[in-house]
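Here's the structure, in C-alpha cells; my notes come after.
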Amino acid sequence: MTETPIAAGGVLTAGLLIAAALWLERSCRIPPRDDDDDKPVAEPKDPHAPGF
C-alpha cells in the first residue's frame, strides 16, 4: 500500500519523459525546402573535362 504513490510517480515520470522526447524529436526536424522541386536536375559533370 505504501508503494502505490511511488509507482504512480514512476509511471507519471516515464510518461512525461516520453512526451518530452517526442516533442524534442518533432521540434528538431529539418523543414523541407520548397525550392528543391523547382530546380531542374543537374547533369553530372564529366571528370575528364578541363577545369574539373
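These values consider heavy atoms only, across backbone and side chains, with no hydrogens, waters or symmetry-generated copies.
Hydrophobic cluster of Ile18: the remaining members, joined at side-chain heavy-atom separations below 4.5 Å, are Leu22, listed by chain and number. The hydrophobic side chain of Leu17 is isolated, with no ILVMFWY side chain under 4.5 Å apart from it. Counting side-chain heavy-atom gaps under 4.5 Å among Ile, Leu, Val, Met, Phe, Trp and Tyr, the cluster of Leu12 also holds Leu16.
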